[in-house]
Amino acid sequence: MRNVDGKNRWWNGLRTGQRAFALSMVGYLLLLSLAVVIAGGRAPFAREIAFLTVITGVLLVLCGATAICTDQDEFEFGVTLRALAIAFAVGSAVTFGYGCAQQFLGRPTSATCSSGRSTR
């Protein structure tokens, strides 16, 4: 069933906050891909520029998440807030665990292959 005027397209059915969040996620994906390309370059400040690119993407997602939360009613906002709190807790635990593994088990080096054995 095709509608010529486009009123029944899925994008038009989304609320403003949902559109903003979707666009912020697409922007984050593009900025993250750009950061990976920049970090692989040989420019003097490539890593710093890649870092700033990733931080810009994170701020973009934060704005999108804020837009989706402000566009919801009280019940939806409570459910979304709980989901974001759980995601933050899980992400913090994973980041903390990875940091502890790097600190106590040693940082992975470029001479270490995926099996963990040294290639030297």
Side-chain angles (χ1 to χ4, degrees):
M1 197 152 79
R2 200 170 142 174
N3 191 348
V4 179
D5 61 1
K7 290 185 179 178
N8 289 332
R9 293 189 181 165
W10 68 272
W11 182 257
N12 293 334
L14 296 177
R15 288 189 262 181
T16 305
Q18 292 171 326
R19 287 182 192 167
F21 183 71
L23 289 174
S24 71
M25 291 303 289
V26 169
Y28 176 69
L29 176 67
L30 294 175
L31 287 173
L32 194 60
S33 302
L34 180 65
V36 169
V37 171
I38 291 172
R42 300 231 182 241
F45 298 108
R47 293 180 71 189
E48 290 82 2
I49 294 171
F51 172 74
L52 291 175
T53 305
V54 170
I55 293 300
T56 304
V58 169
L59 291 176
L60 190 64
V61 170
L62 181 62
C63 291
T66 303
I68 201 169
C69 286
T70 56
D71 196 32
Q72 295 175 339
D73 64 10
E74 189 175 326
F75 176 74
E76 289 174 326
F77 179 71
V79 171
T80 303
L81 193 60
R82 285 185 199 102
L84 289 173
I86 291 170
F88 178 77
V90 169
S92 297
V94 168
T95 303
F96 180 73
Y98 187 77
C100 285
Q102 280 187 333
Q103 183 66 32
F104 300 121
L105 302 177
R107 270 181 56 190
T109 62
S110 60
T112 307
C113 62
S114 62
S115 64
R117 289 186 258 161
S118 178
T119 57
R120 292 184 201 183

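To the nearest 0.5 Å, atoms OH (Y28) and CG (L59) are separated by 11.0 Å.
A continuous path of hydrophobic side-chain contacts links V58 to F21 [ILVMFWY only; heavy atoms under 4.5 Å]. Linking ILVMFWY side-chain heavy atoms closer than 4.5 Å, directly or via other members, places L52 and L31 in two distinct hydrophobic clusters. Connection of L34 to I49 is established within a shared hydrophobic cluster, with ILVMFWY side chains joined at heavy-atom distances below 4.5 Å, either directly or through further cluster members. Under a hydrophobic-cluster definition in which Ile, Leu, Val, Met, Phe, Trp and Tyr are linked whenever side-chain heavy atoms come within less than 4.5 Å, directly or via other members, I68 and M25 are assigned to the same cluster.
Checked against side chain to side chain contact (heavy atoms under 4.5 Å, CB included), A50 has the following partners two or more places apart in sequence or in another chain: A35, I38, A39.
Sequence neighbours left out, the pairs with a member in residues 71-85 that pass side chain to side chain donor-acceptor pair (under 3.5 Å) are R15-E76, Q72-T80.
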